[in-house]
Amino acid sequence: MLSNRPLRPKKQMYNNYYLVDTNEALNKLISELNQADAFAFDTETTSIDAMQAELVGLSFSTIPGKAYYIPVGHESGTHLEINSVISKLKPLLEDSNKGKIAHNGKYDMAVLANHGIEMKNLACDTMIAAYLLGEKSLGLKVLALAKLNIEMTPITTLIGTGTKQLTMAQVNIAEASKYACADADITLRLAQLLQPELENQGLMQLFTEVEMPLVPVLLQMEMTGVKLNANYLNTLSQSMQQQVYDLETRIYNSIGHQFNVNSPQQLAAVLFDELGLRNTKKRSTDAKVLEGLKGLHPIVNFMIEYRRLSKLKSTYVDALPLLINHKTGRIHTSFNQALTATGRLSSNKPNLQNIPVGKEIRQAFTPSKNCLFLSADYSQIELRIMSHLSQDKELISAFLNNEDIHTQTAAKVFGVDKSNITADMRRVAKVINFGVLYGMSSYGLEQATTLSRKEASQFIDTYFSKYAGVKAYTESTIKEAEEKGYVQTILGRRRYIPGINASNYQVKSEAQRMAINMPVQGTASDIIKVAMIEIQQKIISLELKTRMILQVHDELVFEAPQNELMEIRSIVQEIMPSAINLSVPIKVDIKIGKNWGEMELS
DNA sequence: GGCGTCACG
DNA sequence: ACGTACGTGACGCCG
């Protein structure tokens, strides 16, 4: 297949790039920045990790094709002294009337924060703009080629690769200057190109009122971090190590030889070939398969427990303490705002959005001295959103009347009065309610319950006859996707669904499920993002010491001094439910605790 | 670097 | 008849 890339030649980088290494030149640049409404900038540093990065230089651009580089941290060559540069730039960067344009501005803001600059007014982050526009690759260099047809020099040309890789501080100033100026220049040009596209696609409000104001909120959360009780985890690790060792021994004894218990392939050989245990379809050894093999051989229960323990130990108990920052003594996750297909955030290094529920691990997360944790989570937010988007009468009335939604669904699909719903019936109904959000199939429902395919199929039919609005909504959403090629949230966030008109059944079905789920999951994300921005504004305006520290999709966790607890509780209880108006009330549950593992409703 | 597995919402 | 639940990130194995 031929490349989609335009055949016209790459544009030449005609440009005026200037090195700023005298006070005169710096003053001239500052006056130019002062006269501009907005400017693009970029930082050069010694590390991709903002918490470790040392500032090497800054580049600025106010006019396409023209840029300046201020070296401040090169190991050789002469340049201005870093602190004098910082103090001269600080007023401009902290001026909230001066718009800043950057590519992944959260990173640059973190670097500046480490030099005492609290940057204000990130007006356009080109990485996030590209994300909202559905660009597949968000790197500056790739976007420059794709959107501007400009081929930029990769950083490896300057610093090399592998173990011999240099840092920017070791690159000579003239080379670094050209590179850094191009970054600021291209960022500015991209902003000028992408902003009209946002406008055309109805994404500008989402961009300027949600995504851009969210950046400093996330930065604050990342920089604050969270305290971790490493001593506790280290002790826990030792006792887990003993248990893991004991389980390994029992596993080997049960079959008479050793093997690598961590190898699914070797385990499959033991279970299916050697022991001849029931071998359904593939050679999967996942938890569900093991669950089905229970009682057939002693190894099965040992393996189930071994998997649980080794997962907790390797992923959390052992890994988390290693990520404690030596300067702050806390762990600092990184939130990715431009990754998911639905608009959710993601969290990495470490991922604090998948810490196991329950006391054992979570109690290791503790508040600072004299503080408590307060967590606030949206109750059944996605079903409430489904009721709003679908305008289904029965779903809406359930939430308006504060009914137990799973009990109501159970009553409808089982055809039984609410007073006669058993725990089992409610459990099935809960799975069905979730299934609706995912574009459920009879097979999916069968797998998630003990129902047969036929029963599952009947329940789905009954569900859609009782909640006709939901059925109509899923059908119209799929239709919209087929016609437009994308679906959207309440704030206009889009997800393009390329497979929606595919002839392949499987591709098409997957696309349909994505189309059904994204507006729901994405709207939940819109709502919590708005709430985060408003809560943070309130915290700042009231000069509270409370800090927002985590977001786990439908939950916010705060660290609050004892004497601010009641105030932050009422702020959160005021703002979260009213962040975006739906056709149904939004409910928020608040818990307070002395660690993340022992939170109690408040 | 892809795959299987499993932690979360 | 088709053959799956939606969205993530981290770990260990294997090649």
Side-chain angles (χ1 to χ4, degrees), chain A residues 259-268 281-291 303-304 306-320 322-323 333-337 339-358 360-362 375 377-383 385-386 431-449 453 456 460 474 477 487 495 497 499 502-525 528 550-557 596:
Chain A
F259 68 102
N260 187 341
V261 191
N262 288 318
S263 164
Q265 207 177 95
Q266 292 183 37
L267 177 63
K281 49 182 182 180
K282 298 171 207 164
R283 292 174 66 82
S284 168
T285 67
D286 69 20
K288 229 172 75 191
V289 170
L290 294 179
E291 209 57 38
M303 273 308 308
I304 291 172
Y306 176 88
R307 282 260 177 88
R308 189 188 73 82
L309 272 169
S310 61
K311 174 81 176 183
L312 293 183
K313 184 170 182 294
S314 67
T315 306
Y316 305 102
V317 179
D318 290 345
L320 287 173
L322 300 178
L323 290 164
T333 186
S334 170
F335 289 105
N336 195 334
Q337 192 183 349
L339 185 145
T340 69
T342 57
R344 274 189 176 182
L345 301 177
S346 86
S347 157
N348 65 19
K349 291 182 292 180
N351 182 356
L352 295 185
Q353 293 182 320
N354 76 344
I355 302 300
V357 171
E360 195 173 36
I361 310 289
R362 287 202 176 190
S375 88
D377 72 284
Y378 283 113
S379 166
Q380 285 156 351
I381 187 68
E382 295 196 344
L383 281 172
I385 290 163
M386 179 57 95
V431 174
I432 295 174
N433 278 335
F434 271 111
V436 169
L437 305 171
Y438 299 152
M440 73 181 156
S441 64
S442 56
Y443 180 87
L445 185 56
E446 178 190 1
Q447 297 301 307
T449 59
R453 180 83 61 95
I460 292 172
T474 61
T477 301
V487 290
R495 177 176 186 175
I497 314 280
S503 51
N504 180 299
Y505 174 88
Q506 192 177 344
V507 172
K508 187 172 173 143
S509 303
E510 284 169 0
Q512 290 176 343
R513 293 194 297 270
M514 292 174 199
I516 291 168
N517 179 258
M518 184 275 174
V520 178
Q521 192 182 114
T523 296
S525 174
I528 198 167
L550 295 174
Q551 189 253 42
V552 192
H553 309 306
D554 65 355
E555 173 189 15
L556 297 175
V557 181
W596 200 13

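Lettering follows sequence order; numbering is per chain, from 1.
Taking atom CD of residue Q551(A) and atom C1' of nucleotide dC8(B), one finds them 12 Å apart after rounding to whole Å. dT5(B) atom P lies 15 Å from atom OH of Y306(A), rounded to whole Å. One atom, OH of Y316(A), and another, C1' of dC6(B), lie 8 Å apart when rounded to the nearest Å. With rounding to whole Å, K282(A) atom NZ is found 13 Å from dC3(B) atom P. For R308(A) and dC8(B), the CZ to P distance is 11 Å, given to the nearest whole Å. Here dA7(B) presents its C1' atom at 17 Å from NZ of K288(A), a figure rounded to the nearest Å. One atom, CD of E360(A), and another, P of dA7(B), lie 12 Å apart when rounded to the nearest Å. When the C1' atom of dG9(B) is taken as reference, atom CZ of R344(A) falls 5 Å away, rounded to whole Å.
With values rounded to the nearest 0.5 angstrom, S334(A) atom OG is found 6.5 Å from K349(A) atom NZ. Going from atom CD of E382(A) over to atom CG of D554(A) covers 7.5 Å, rounded to the nearest 0.5 Å. Taking CG of L320(A) as the reference point, atom CD1 of I361(A) lies at 8.0 Å (rounded to 0.5 Å). I497(A) contributes atom CD1, which lies 7.5 Å from atom CE of M518(A) (distance to the nearest 0.5 angstrom). Distance check, rounded to the nearest 0.5 Å: NE2 of H553(A) to OG1 of T340(A) gives 9.0 Å. Atom OG1 of T474(A) sits about 5.0 Å away from atom CD1 of I516(A), to the nearest 0.5 Å.
Here Q506(A) lies in heavy-atom contact (under 4.0 Å) with sugar-phosphate atoms only. Residue V431(A) is classed as a base contact, given a heavy-atom separation below 4.0 Å to a base. Residue contacts for G439(A): at a heavy-atom cut-off of 4.0 Å it reaches no nucleic acid atom on any strand shown. In this structure, L339(A) reaches the sugar-phosphate backbone alone: every heavy-atom distance under 4.0 Å involves primed, P, OP1 or OP2 atoms, never a base. Within the 4.0 angstrom heavy-atom criterion, only backbone atoms of the sugar-phosphate kind lie near N351(A); the bases stay farther away. If you check every strand for non-hydrogen atoms under 4.0 Å, Q266(A) touches sugar and phosphate atoms only. Using a 4.0 Å heavy-atom distance criterion, V520(A) is classed as making no nucleic acid contact. When heavy atoms are screened at a 4.0 angstrom cut-off, A319(A) is found touching the sugar-phosphate backbone but no base atom. Residue contacts for S347(A): at a heavy-atom cut-off of 4.0 Å it reaches the sugar-phosphate backbone alone, with no base atom in range. In this structure, I355(A) reaches the sugar-phosphate backbone alone: every heavy-atom distance under 4.0 Å involves primed, P, OP1 or OP2 atoms, never a base. Backbone-only contact: N260(A) has heavy atoms under 4.0 Å from sugar-phosphate atoms and none from a base.
Comparing dC2(C) with dC6(B), their P atoms sit 28 Å apart, to the nearest whole Å. Rounded to whole Å, the separation between the C1' atoms of dG3(C) and dA7(B) comes to 26 Å.
Remark: R307(A) is in phosphate contact with dC6(B), judged by side-chain N or O atoms under 4.0 Å from OP1 or OP2.
Residues passing the side-chain hydrogen bond (donor to acceptor under 3.5 Å, both in side chains) test with N517(A) are Q521(A), sequence neighbours excluded.
Where DNA chain C meets chain A (any atom under 4.0 Å from a heavy atom), the bounding nucleotides read 5' to 3' are dC2(C) to dC14(C).
In summary, of the residues considered (V436(A), L437(A), I432(A)), a side chain to side chain contact (heavy atoms under 4.5 Å, CB included) with F434(A) occurs for L437(A) alone.
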### Query
Dot-bracket for DNA chain C, 5' to 3', with Watson-Crick and G-U pairs under 3.5 Å, [ ] for crossing pairs and | for other-strand pairs: what is it?
.....|||||||||.

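When all heavy atoms are compared, the tightest approach of F259(A) to Q266(A) is CB-OE1, 3.7 Å.
Listed for the R495(A) side chain is no donor-acceptor partner under 3.5 Å among the backbone atoms of A515(A).
Heavy-atom nearest nucleotides on DNA chain C were determined for M514(A) and for S441(A), and the one closer to the 5' end corresponds to S441(A).
For the pair Y306(A) and N262(A), the minimum side-chain heavy-atom distance is below 4.5 Å.
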